[in-house]
Amino acid sequence: MASGSGSLMWFRKGLRIHDNPALDYASKGSALLYPLFVIDPHYMKPDPTEFSPGSSRAGLNRIRFLLESLVDLDSNLKELGSRLLVLKGEPGEILIRCLKQWDVKRLCFEYDSEPYYQAMDVKVKEYAAANGIEVFSPVSHTLFDPADIIQKKNGGKPPLSYQSFLKLAGKPAWASSQLITTLSSLPPVGEFGNCEIFEVPTVEELGYEDPGQDEFTPFRGGESEALKRLKDSISDKEWVANFEKPKGDPSAFLKPATTVLSPYLKFGCLSSRYFYQCLQDVYKNVKKHTSPPVSLVGQLLWRDFFYTVAFGTPNFDQMKINRICKQIPWNDNEELLTAWRDAKTGYPWIDAIMVQLRKWGWMHHLARHCVACFLTRGDLFVHWEKGRHVFERLLIDSDWAINNGNWLWLSCSSFFYQYNRIYSPISFGKKYDPNGNYIRHFLPVLKDMPKEYIYEPWTAPLSVQTKAKCIIGKDYPRPVVSHDSASKECKRRMGEAYALNQRLNGKVSDDDLNSLRRRLEEDQNQEVKAKRKRK
DNA sequence: AGTAGGTTGTAGCC
DNA sequence: GGCTACAACCTACT
């Protein structure tokens with residue numbers, strides 16, 4: 001109760017010591033500190049109905065990354081004379097139970113703008129208020145407070161373009177203040193009575209079996225790893241100063257073309273604000289540097305842009321009743337979706353990327369673009385929400401606002417509308433990696449295919465296929481669609497869908513969408529018939 | 001009402 | 001590596 005002398009630090013994201021205002025405040029003026037993490041079954045419980053090992057929300061790679069981050073957090077807390085208390089269950093309920101049983105006068109946790117936590121936090125705050133417990137919930141996951149930008153600076157609506165976001169956001173308030181990056185010690189952990197406290201579990205303890213995979217993500221979770229990676233990334237000042245995102249090589253995998261700090265930012269193992277300040281320090285000491293949107297700081301601002309729009313847009317993660325999302329008659333073709341998801345489209349560039357996603361949980365941004373475009377408006381015309389689900393589970397850096405924002409972008413449903421610009425599943429990869437080394441690594445079945453054919457193996461003469469020990473249609477699939485005709489058909493459908501959205505001023509009903517879907521399919525059948533006749 | 005600009009398209013040319 | 005045509009969308013702002 002309010003008479004207590006302890007603080008409860010509730011970790012969700014923000015799995016770090018450095019620049020953690022909630023932790024800093026919790027540790028000040030309190031005789032006791034309870035650092036808590038709750039293992040949420042929504043996120044961690046095995047779901048055997050899913051297409052890959054993991055829960056319904058997260059694949060095994062990301063679950064493992066989170067556990068590693070917790071182990072590291074626990075060990076960093078121990079160095080400061082504390083430890084991490086791990087509990088299991090629905091986090092909101094568990095937290096309230098802890099507040100009831102423990103000696104807590106102050107509850108601290110990082111503000112989280114995702115709908116899932118917004119709903120949970122309302123209940124927790126209500127309980128705290130009713131019981132005289134002080135709540136401190138600072139914005140420290142992002143550079144800016146999304147609510148501040150939307151309400152105070154833009155009259156209640158989120159900006160829908162990056163440029164307008166930049167103008168509204170300006171410089172962060174804390175840009176030139178000293179962030180607290182180290183703590184010297186923490187108060188001792190209080191008595192936790194009959195609460196059953198766990199150590200950080202292993203994946204096996206969570207009920208997962210060894211998936212028997214030959215290759216796993218090379219990225220280890222945790223604040224220590226994040227800071228090491230940050231230091232490595234910014235040590236090359238020229239590289240930082242000249243960074244231009246679109247110029248990176250998506251096929252580079254031995255040494256990725258970006259920092260790969262995204263998974264650490266996702267879980268808050270790395271503070272985006274600290275990263276921002278480190279980058280500004282580099283910029284100060286060089287003659288010239290790149291700028292947003294392409295620079296490294298630009299990447300952090302992209303992150304905040306998507307957080308802001310996502311916070312200000314109800315139903316951001318779906319097509320229907322989403323104010324900013326174009327209504328498009330996507331198909332529901334399970335076979336095409338499965339081929340894409342399981343790296344069996346017959347396009348090696350696409351399939352190699354999907355294998356990297358499955359094994360590493362990370363691919364270059366442009367590689368993500370290629371497969372997202374291919375699944376949706378480029379070739380297969382499958383609903384972006386299906387692709388979103390696959391990314392959401394498999395990416396180690398999957399972040400609700402950013403993942404959904406990028407699927408809206410790539411499917412030309414919002415933010416980006418030039419649907420005639422389609423990534424070629426053949427030539428896009430080839431211009432970076434003409435020898436196909438990336439494909440050879442992630443699709444070893446094609447490792448002996450001559451480079452003349454590796455992006456289009458179905459065009460290789462049978463003698464070449466035999467010599468490469470890879471028969472197309474047997475050892476590696478034939479293309480599920482022909483890119484030339486499929487992309488043309490997609491453009492036609494997008495054009496029709498856009499016209500419908502414009503005509504109805506965005507108010508497209510299920511019936512409108514279904515009748516367009518029927519018409520498009522009829523047109524396509526007629527077209528196919530006409531083609532046959534001509535032959 | 002009209003226009004500029006938009007992180008990252010492709011193919012074909014030099 | 002850079003230029004052009006291709007076909008053409010939207011948002012933000014004048």
Side-chain angles (χ1 to χ4, degrees), chain A residues 149 153-155 157-169 242-252 256-259 262 289-306 308-309 312-313 322-328 347 349-350 353 363-374 376-379 402 405-434 455-456 483-506 508:
Chain A
I149 291 185
K153 296 185 170 169
N154 206 37
K157 285 202 165 173
L160 293 178
S161 79
Y162 183 72
Q163 294 303 334
S164 57
F165 167 80
L166 288 187
K167 270 189 205 155
L168 291 172
N242 296 321
F243 184 91
E244 281 184 72
K245 186 65 165 282
K247 292 205 173 148
D249 176 358
S251 70
T258 56
T259 60
S262 54
H289 60 83
T290 53
S291 296
V294 296
S295 64
L296 275 173
V297 161
Q299 305 314 299
L300 282 174
L301 290 160
W302 276 107
R303 178 173 177 270
D304 263 62
F305 168 64
F306 284 124
T308 304
V309 189
T313 308
N322 177 348
R323 195 175 64 78
I324 67 167
C325 184
K326 282 253 178 306
Q327 304 299 303
I328 294 166
Y347 287 93
W349 170 246
I350 299 297
I353 294 168
M363 335 76 111
H364 186 274
H365 190 63
L366 288 178
R368 301 180 192 202
H369 277 216
C370 287
V371 294
C373 177
F374 186 87
T376 57
R377 66 183 170 85
D379 290 83
I402 301 171
N406 276 307
W407 277 97
L408 285 164
W409 186 293
L410 261 298
S411 64
C412 282
S413 297
S414 200
F415 309 115
F416 176 80
Y417 305 94
Q418 288 167 271
Y419 58 78
N420 45 331
R421 294 190 184 172
I422 292 174
Y423 291 91
S424 164
I426 297 151
S427 47
F428 189 82
K430 206 187 271 180
K431 76 180 170 204
Y432 297 96
D433 180 16
Y455 285 87
E456 304 166 89
H483 174 64
D484 279 347
S485 54
S487 59
K488 242 181 227 143
E489 172 64 14
C490 282
K491 279 187 230 178
R492 189 178 73 86
R493 289 176 178 219
M494 291 300 283
E496 296 272 1
Y498 269 40
L500 180 71
N501 278 266
Q502 198 164 52
R503 189 154 51 81
L504 300 176
N505 203 10
V508 181

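Order of the sequence lines fixes the chain letters, A, B, ..., with proteins taken first and strands second; residue numbering starts at 1 for each chain.
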With sequence neighbours excluded, tell me which residues meet salt bridge (charged side-chain N to carboxylate O under 4.0 Å, His left out) with [X].
X: A:Arg368; answer: A:Asp397
X: A:Arg377; answer: none
X: A:Lys247; answer: A:Glu244

How far does the P atom of C:dA7 sit from the matching atom of B:dG6, given to the nearest Å? 23 Å
Suppose you measure atom C1' in C:dA8 against the same atom in B:dG5; what distance do you get, rounded to whole Å? 14 Å
Just wondering, more than 12 heavy atoms not from A:Lys157 lying within 6.0 Å of its NZ? no
Measure the acute angle between the ring planes of A:Phe306 and A:Trp409, then classify it against the limits of 30° and 60° as parallel, tilted or perpendicular. perpendicular
Students often mix this up, so state it plainly: with edges at 30° and 60°, are the rings of A:Trp349 and A:Tyr455 parallel, tilted or perpendicular? tilted
Among all residues two or more places apart in sequence or in another chain, which pass the side chain to side chain donor-acceptor pair (under 3.5 Å) test with A:Asn154? none
A:Arg503: side chain to side chain donor-acceptor pair (under 3.5 Å) partners, not counting sequence neighbours: none
Summary of protein contacts for nucleotides 1-14 of chain B, nucleotide by nucleotide, where a base hit scores B, a sugar-phosphate-only hit scores S (4.0 Å, heavy atoms): -----BBBBSS---
Would you grab the first and last nucleotide of DNA chain C (5' to 3') that comes under 4.0 Å of any non-hydrogen atom in chain A? C:dA7 to C:dC13
Ignoring hydrogens, what is the shortest heavy-atom contact between A:Phe415 and A:Leu160? Give both atom names and the distance. CD2-O, 3.7 Å
Scan for salt bridge (Lys or Arg N to Asp or Glu O under 4.0 Å) pairs involving residues 491-502 of chain A, sequence neighbours excluded, and state none if there are none. A:Glu489-A:Arg492, A:Glu489-A:Arg493, A:Arg492-A:Asp523, A:Glu496-A:Arg519
Which residue pairs satisfy the salt bridge (Lys or Arg N to Asp or Glu O under 4.0 Å) criterion with at least one member in residues 420-433 of chain A, sequence neighbours excluded? A:Lys430-A:Glu456
Got a sec? Which of residues 491-506 of chain A come in under 4.0 Å of DNA chain B, heavy atoms? none
Partners meeting side-chain contact (heavy atoms from CB on, under 4.5 Å) with A:Ala257 (sequence neighbours left out): A:His364
Check: A:Ile422 and A:Phe374 side chains under 4.5 Å, non-hydrogen atoms: no
For DNA chain C, stems built from three or more consecutive Watson-Crick or G-U wobble pairs below 3.5 Å: B:1-6 with C:9-14, B:9-14 with C:1-6
First of A:Pro159 and A:Tyr419 reached from the 5' end of DNA chain C, by closest nucleotide: A:Tyr419
